[in-house]
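Please read the structure below before turning to the comments.
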Amino acid sequence: MDWWDLTVRFFSLADANVRWVVFGSILLGGAAGGLGCFAYLQKRSLMGDALAHAALPGVGLAFLVVGRKDFLALLLGASITGWLGALAINYIVRESKIKLDAALGIVLTVFFGLGIVILTYIQKSGSGSQSGLDKFLFGQAAAMGRNDVVILGIVALTMLAVVALGFSKFKLISFDPGFGRSLGMQVGLLQFVLTTMIVFAVTIGLQAVGVVLMAAMLITPAAAARQWTDKLQRMVMLASLFGILSGLFGAYISFLAPRFPTGPWMVIVVTAVFVLSVLFAPQRGVISFIRQHYANRRRMTREHVLKVLFKAGQDSRQWKTYYPVDQIKRMWSFTQHELNAALAGLQKQGMMEKSGGMYRLSDDGITEGARVTRLHRLWEVYLSRYLELPEDHVHRDAEDMEHIITPEMEARLEELLEHPEYDPHRQEIPYIGKRSQA
Amino acid sequence: MEPVAPIEVHDLTVAYRRKPVLWNIDFSLPEGKLIGLVGPNGAGKSTLIKAIMGLMPLLSGYVKIYGEPLDTMRHKIGYVPQRESVDWDFPINALDVVTMGRYGRLGLFGRPSKDDKAIAMECLRKVGMQDFAHRQISQLSGGQQQRVFLARALTQDASVYLMDEPFAGVDAATEKAIVDLLKELKEHRKTVLVVHHDLHTVNEYFDWVMLLNMRLVKFGPTDQIFTNDNLRLTYGGKLLLLAEAAEKVARQL
């Protein structure tokens, strides 16, 4: 079969085996993504990594006890040693002077080492070689069957219900646990419930994603979701969605190339979602930041053009002269390119009038030019009067502030300085378009 | 009958990682007063507040609220933690934070009701923050964040308020808002204990003052207690011995 036939077979869910793999991957991705938000916001992301590694000896021990690969038993075993790992970390941090990062490193590695020892022992002991336990290191989504997915579904839906019911409380103990305790809330108990759920979220993913990489399914969707929203509820839902997408596509790739482990593919998918989020998120995104930066620079250039043209006509109070572009360029250190863009933009905004390749301010442009000039000079007065800076020190600073001062700040400045007429360089402060409004 | 003190602290000793930070503290707060809690860095001011709120294990002694143990009387106390104690980049808005003051009344799986939100909004108004209710908290200035914390405590509708450095690093507008709020609380016969750093404003803001440096140095009406001699006693070198002793205790146990 070529990849297209495989793709159709996978997404049509016609094949029962495929169906269970898809359901399983979606469930674990959604559960880990949603719960991961709380770990992420409590700055305990790496705790998830330690928990996942600490679950490995539990998988091996459960196999030794039960004698076969029973999903429920493995889940229980993994949860128990995962929990022991969490307790060990908390104990070390509380009772010694060892810091959290060191405690995480110690516990993670010792449990993982122990797990490898137990798995190796099982592999060497006859029947164990067919156990498929080695798949727990990097995951194999295709190994999930119907019974596994039913258990996985029950665990995931229970966790969803607990998060939904206790959402407000979990929000509070993640934001300000001390305040929660001051209210008499059972913060310790709530934290216990939350940690237990994170342990479960990690253990249900072990089979498909593997202990080594499961932490990514906890941390990365949360970090990606945080880029898009400032609301916790939306963040949890988005992270869940990202987890589901990564689970689905990880399983799909694993289906196309069954010889490869699933975990790394899921991590690559979820990391791709994260990178896209960091780049393209509307407010926190890098691209939005860069666009904002350039938009600001263009606005500053436009305001400079208005200011120099306003100043050119201020002495004679005559702004109706047209200036050729070259002459405007000489009034300031504009580059040709930015000046052209600014002039075109201003013309569009109705601040500038064009005639035969020459430009002049419109009435709106005069008002706006006066405003920028006024802010510049008011700031100069403020600096020289209140910080007692000499005249030749105030210009640079005002050059920036003229673009930043808000109308409210302007009103306060004017009041504070009692509507000065002149700046420290004895230049008139224009109130055009201002007094007429008042 | 003698009136019952809003907070009575008896022979309280508190240790942090086995190092004693408060020794044998005894006091009863007078009702309806604004009380400043003053002392040098490391004097245990925050620890005292936390110990009263039951957030620190006590080595000895007890705390009583209107003569009763803390656990039955938590609803009588409003708490304003230090602003730096939380991550202000948390995805939550100002109104959500303030509403948390009502969580002590929620059941196991309860959610804040419309009434809770309305009360939270009213308390935001009291600190002049109603226009910022739906702002994400990282977009607020330090002073505005502090006012959000104050509003949260107000929603608790308590009789006693414990405030941990509400004046630290705030702008003039917030300082005035807090002072007005303290006056209003006093008019309603509330008792307020405020950890305070600025010695210049103690006389102006507080009726009573508690001078603390690992032990209770002096406690009483500001005009009698807030003297240079007592300040020297609180901030001066004579108590260094106490800190040294604490250090020794920590190493030996």
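Proteins get letters first, then strands, A, B, ... in listed order; numbering begins at 1 in each. All of these numbers come straight from a predicted model, not from anything done at the bench. What's counted below: heavy atoms across the whole structure, side chains too, no hydrogens, waters or symmetry copies.
For B:D71, no part sits under 4.5 Å from any heavy atom of chain A, backbone or side chain. Within the 4.5 angstrom heavy-atom criterion, only side-chain atoms of B:Q139, from C-beta onward, approach chain A. With a 4.5 angstrom heavy-atom cutoff, A:R234 does not touch chain B via any of its atoms. Within the 4.5 angstrom heavy-atom criterion, no atom of B:L70 approaches chain A. With a 4.5 angstrom heavy-atom cutoff, B:V80 does not touch chain A via any of its atoms. Residue A:K43 touches chain B through its side chain alone, counting heavy-atom pairs closer than 4.5 Å.
Around atom OH of B:Y16, no more than 12 heavy atoms belonging to other residues, nucleotides or ligands sit under 6.0 Å away. Within a 6.0 Å sphere centred on CZ of A:R291, heavy atoms belonging to other residues, nucleotides or ligands number 12 at most. The environment of CZ in A:R297 is sparse: at most 12 heavy-atom neighbours from other residues, nucleotides or ligands sit within 6.0 Å. Other residues, nucleotides and ligands place no more than 12 heavy atoms under 6.0 Å from the CZ atom of A:R412. A 6.0 Å sphere centred on CD of A:E95 holds more than 12 heavy atoms belonging to other residues, nucleotides or ligands. At most 12 non-hydrogen atoms from other residues, nucleotides or ligands lie less than 6.0 angstrom from OH of A:Y382. The local environment of CZ in A:F289 is sparse, with at most 12 non-hydrogen atoms from other residues, nucleotides or ligands closer than 6.0 Å. Shown here is B:K76, whose NZ atom has no more than 12 heavy atoms of other residues, nucleotides or ligands within 6.0 Å.
With rounding to the nearest 0.5 angstrom, the CE atom of B:M100 is 5.5 Å from the NZ atom of A:K171. Expressed to the nearest 0.5 Å, how far CG of A:D230 lies from NE2 of B:H134 amounts to 14.0 Å. The CD atom of B:Q156 sits 5.0 Å away from the CG atom of A:L183 when rounded to the nearest 0.5 Å. Interatomic distance, CG of B:N93 versus CG of A:L232, reported as 11.0 Å (0.5 Å rounding). Expressed to the nearest 0.5 Å, how far CG of B:D87 lies from OG of A:S174 amounts to 11.0 Å.
In this structure, the side chain of B:R111 does not engage the main chain of A:F167 through any donor-acceptor pair within 3.5 Å. Formation of a donor-acceptor pair under 3.5 Å by the B:R74 side chain with backbone atoms of A:S182 is found in this model.
By number of non-hydrogen pairs under 4.5 angstrom with chain A, the leading residue of B:R152, B:K50, B:R105 is B:R152.
Classification of A:R226 and B:D89 as a salt-bridged pair holds, one side-chain N sitting under 4.0 Å from a carboxylate O.
Taking both residues in full, the closest heavy atoms of B:P91 and A:L41 are given as CD-CD2, 3.5 Å, listed atom of the first, atom of the second, then distance. In terms of heavy-atom proximity, B:Y79 sits nearest to A:G178 at CE2-O, 4.5 Å.
Taking the six-membered ring where tryptophan is involved, the planes of B:F149 and A:F175 are perpendicular, since the angle between them exceeds 60° and thus also 30°.
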Checklist line | Worked check of side chain to side chain contact (heavy atoms under 4.5 Å, CB included) between A:K231 and B:Q136 | finding: CA-CA 8 Å; A:K231 282 193 180 338; B:Q136 206 269 324; over 6 Å; no
